Structure formats: C-alpha cells, structure tokens
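Each chain gets a letter, A, B and so on, in the order its sequence line appears, and its residues count up from 1. The structure displayed is predicted, hence computed values, not measured ones.
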Amino acid sequence: MTADLLQQTIWLAAVLFAIGFIGLMVRRNMLFMLLSLELMLNAAALLFICGGAVWGQADGQVMFIIVLTVAGAEVAVGLGLLIQLQRRCKSLDIDRLSKMGETE
Amino acid sequence: MSSDSLLSLLPLICISVTIMILMLQIVLVPGDRLSYWLTVIGVVATLWATFFITPLLPQQATILLTVDAEARLFSQILVICTLLLLPFCHRIPTARGSSAEYLLLLLLTLLGALVLASASHMAALVIGVELISLSLVVMIAYPFAPQYSTALETGIKYLLLSGVASAVLLFGAGLTYIGLGALEFSAISQAFTDIDLMEQGLVLSGLMMVIAAIGFKLSLAPFHLWTADLYQGAPLLSATVLATLAKAAMALALFRFYLAADLAVLQVINLGIALLAILSMLTGNLLALFQRDLRRIMAGSSIAHFGYLMVLLVAISTLHSVEGAAQSRALLAWVIYLVTYLAATLAVFSVMLHIAPASEAFHQTQLKGLCQRHPLSGWVLLLAMLSLAGIPLTAGFIGKFYIFTEAVNGTLWGLLLTLIAASAIGLFYYLKVVLMLISPAEGAEADPVTGRWLTRLPIILIALFIVFVGIYPPSLIDLLSQL
C-alpha cells in the first residue's frame, strides 16, 4: 500500500466518521440516527482494513469482523427500542418522546 | 494453549456456562425462583473459581487476555459487587410476569466486566465494553411494573450516546493500529519510540480517542452530560448496576490499559488526563451542589469521584521516572480508592432500593427524619454519605488520604489545590443530606418498612465493611497489597 493511498484512506474514514457524527447530532428521526451510528462504526472498520493492508497482517480483518458484530448487536437492540418508540408515540421522532415524559 | 492457561479462564467459563444454562432453563422449565437460584449458584461458583485459579497465575490465555494476580483481584471485586446486588434482583416486578431475562442481562454485564478485568488487547477491550453497555441499554429500557415513564427515553438516549462512544473507541483503536501494527496493550509504548513523527501523531490521536471513549463510560467531564438524566431516568435497579458494577469495571479497564500500554511515558496523554481530572472534580461537585434529588446528587458525586481517581493516574505518571516502589504505592492507592468508593455508592443505592424500590424520583424531603423512621436505612445512608465526603473513621477517609499522599508525592500542586477545593464543595452537599437524615420526622411516624430480610443483608454487610475499614485500615490495605 503506497503512502498516498494510505493517507487518502485515512481521510476517507475520517470524513465518513464526521458525516455519521453530524448526522447523529442533527437528525431527530431515530431510524436515521441509527444509520448514522452505523456509518461511524463502518468508518472505524475501514481503518482496520486499511491497517491490515499496511502491515500485511490478518489482525485488521479480524477486527473488521468484530466491528461488524458489534454494529449488528447495537442495531438489534436499537431496532427493538425503535419498535417500542413507534408503538408508544406513533412516530419515530425522539423529541416527541422527551415531551411525553414532561407532560406525564 | 496449554491446559493451565485454559484453566486460568475458569471464572469466565463459569459465568458463560451459567448464562447458557439460564437461557435453556428460561425456555424449557420456566420459573422465576429456579432462575434466581441458578444465577446465585453461578455467581458463587465464579467467585470460587477466582480463588481456585490462584496457584496457576500468571497466565497468558491467548493474546486477548492476561490473567495475573491483578486481574484475579479485580475479578473478585467485581464478582463480590454482583453478589451484593443479587438480593435486590429477587422477584423483580415486571410488566410481563417473568423477570428471568433481567438476571440474564445482569450476568452478561458481569461477563463483560470480567473480560475487561483481564483484557490485554484492544479486541478484548471492545468486546468487554460492548457486553456491558448493550446489556445496560436493555436493562434500562426493561419493562418494569409499574412502568417507568422515562425508561424508554433514557434507554434510547443511552444507546445512541454509548454507540458514539463505542465508535470513537473503535476509531481510536483503528488509528493506533495503522500507526503501530499491533493491538496488544504491551506493544504500544515499545513500538511508539520506533516510528516517525507522522505515525506518532496518528497513534497519539488514536490513544486520545480511546481514553475519551472510556472517559465517556466513566462519565468524566466534559463527557458527563448524560449522567444525571440517566441516574434519574433509569429504573433504580438498572441505575444501581450502572453506577457500581459497570463503572467499576470501566475504571479497572482504564487502569489496566494505562499500565500495560505504559502510557505514563507519553506526556501529551497525561496532560489530557490531568485536564479531565480538573474538569470532572469541579463540574461534578458543582452539579451536585444544587440538586434536590438524591439520585442526581449521586450522579454529580460519581463524576467528581472519578475525577479524583484520574489525579492518581497523573501521579503514577510523574512517579514513573522516580522509582518503582513509589509507583506501586500509587497503584495500591488506586485500588483502595475504587473499593471504598464502590462500597459507599453501593450502600447509598441499596438503601434506596430497600426503602423505595419502585419510586421514580428520590426527593430530599423523602429523606427527612429517615434515621427515626427506618433506623437501619437511615444510619447506613448517613454512614455512606460521610464515607463519600471522606470523614475520618469511615472507609472513604482512607481512600482520600491515599490520594492526597500520592498527589503530594507526585508534586502535583495544581491538581492538589483543585482536589481540596472540590472536596470542600462536596462536603457541603453531603452534609446537607446528613442534616436531612437526622432532622426529626414530621407527620406520619414509623410508616411500615417495605424491605425484606433478604435486602437487609447486603446493607448490613456493606455498612460493617465501611466502619471496619475506617477503624482498622490495615485489614483492607494488606488484602489489596498482594498486587
């Protein structure tokens, strides 16, 4: 892997991570917030793949699979809560949930 | 992998087998009573296993886990903490009738904590942290009866925020890996000196991100914004698990990571940690100052106390170059402080669980005259508050004393001044609670005690521990100095 390619990959990962982070802060729809979270985790996974290529080791790919598993577990729990949210508020807007807490 | 190193994983195996048996039991022979006693047997067996493995240590069980004397001691602390929490999990009122899944989640949290206690590789760190935080999310949003109106909101909030922290942790680990080509903790500082400047920048920012992520889980300022809402909004039992077991495991993981990676030699990292310490000590205590809800007070207090612990990390780094003995004393101080803090927090939360397990808020007025109405709960809560404030003759004083000594040894005058100022602020709100407790009760005297004998046991044990260690500190110090 050339130094140029390495640098570009790190930048790509950083930009993906930033997009995910901004998305999580800005969006109020829980589905999109979970998607943004996935984006952040996948940016980290890209870094591991890149590291594995730089050092010619399998460790990076092992970590990639761990990241995927973590992301899967996180989304499984997240979607469970999403369904609860939809049932309770008839909407995916998380701001509505916090308003509900105040009025009760 | 030799049979000895496999055997050294016995505590982890015990808890995993318990989890699998419990899962089968829930499906095949459902019954809350059976699930509960299976869990108790499993946790006791795990505690026995931690003693059983003593002659085998230290062992390197795969590159992921190093089981040494330190890891064994940490595991014992965490397992005992879980054992003390178990009586409160007896017959949890749930909306769906069965509460066996809650026990399952508690065991998964303990499994994550034990993985963290012996982690020596980034992958183990990630797995441990995820096991703890994902189980906690479900525990927070668990359908308790009566339903907590804020539980779902709090659960979603914690899921998203801890998801960000996990992503930051992974991103940091990725950057470190690109720079160093190794994920083992022990390889980090060795390889660091051999690489060029640009790679050093990568590794430093990666390590910073890892520490920030753990700092989020420990709710250090400026990553503390979720703490008060979570302590208050989560069901009381889940908040207790978060405040004691999960936080202790994260603190022990940070400690192991810091030592094994030998971060003490990296000045930039220590500067960052010192900053975290100062911010946490001040914000934590100022946050707690004007709160009326005991749970929010405990949130502020936990931020501040983990700030005090960070002072010790900085002390370790300055003592690093001086001599080995001084450094090992700082290590001892870290463990002693964590144990005394854990005992006091556990006491406060178990008293709350004992007198009002289902209440959503715990207003200070509810505490008024508690010493008169529920003598046991009242006096234990008073003792715990004094211990958190660091008053002599309680366990908390010993911890505080050690931190002051180490900060003086490390000549950290700035941090020491902040520590003194923060402790003085802390004294004010702890004593305000104490005042509430001993003031005479109004109106209805001697309302019926809701707690059962089972939940009284851990409260008495923790109270005895706090008093005994406060009066005769060598008992604890000797026990922990086998490090």
Rounded to the nearest 0.5 Å, what separation is found between the [atom1] atom of [X] and the [atom2] atom of [Y]?
X     : Y      : atom1 : atom2 : value
A:L6  : B:I178 : CG    : CD1   : 6.0 Å
A:L24 : B:L160 : CG    : CG    : 5.5 Å
A:C89 : B:L152 : SG    : CG    : 7.0 Å

- So which residues of residues 108-118 of chain B are in contact with chain A at a heavy-atom cut-off of under 4.5 Å? none

- Query: Of all the residues in residues 75-84 of chain A, which have a heavy atom that comes within less than 4.5 Å of a heavy atom in chain B?
  - Reply: A:V77, A:G78, A:L81, A:Q84

- Heavy-atom contacts under 4.5 Å, residues 53-63 of chain A to chain B: A:W55, A:Q57, A:D59, A:G60, A:M63

- Message: With chain A as the partner, which of B:V168, B:V137, B:L202, B:L170 has the greatest number of non-hydrogen pairs under 4.5 Å?
- Response: B:L170

- Interface moiety of B:V126 toward chain A, non-hydrogen atoms closer than 4.5 Å: side chain

- What part of B:L183 lies closer than 4.5 angstrom to a heavy atom of chain A: side chain, backbone, both or neither? side chain

Do any side-chain atoms of residues 28-49 of chain A form donor-acceptor pairs under 3.5 angstrom with protein atoms, and if so which ones, sequence neighbours left out?
{"from": "A:R28", "atom 1": "NH2", "to": "A:M25", "atom 2": "O", "distance (Å)": "3.0"}
{"from": "A:N29", "atom 1": "OD1", "to": "A:L31", "atom 2": "N", "distance (Å)": "2.9"}
{"from": "A:S36", "atom 1": "OG", "to": "A:F32", "atom 2": "O", "distance (Å)": "2.8"}
{"from": "A:N42", "atom 1": "ND2", "to": "A:E38", "atom 2": "O", "distance (Å)": "3.3"}

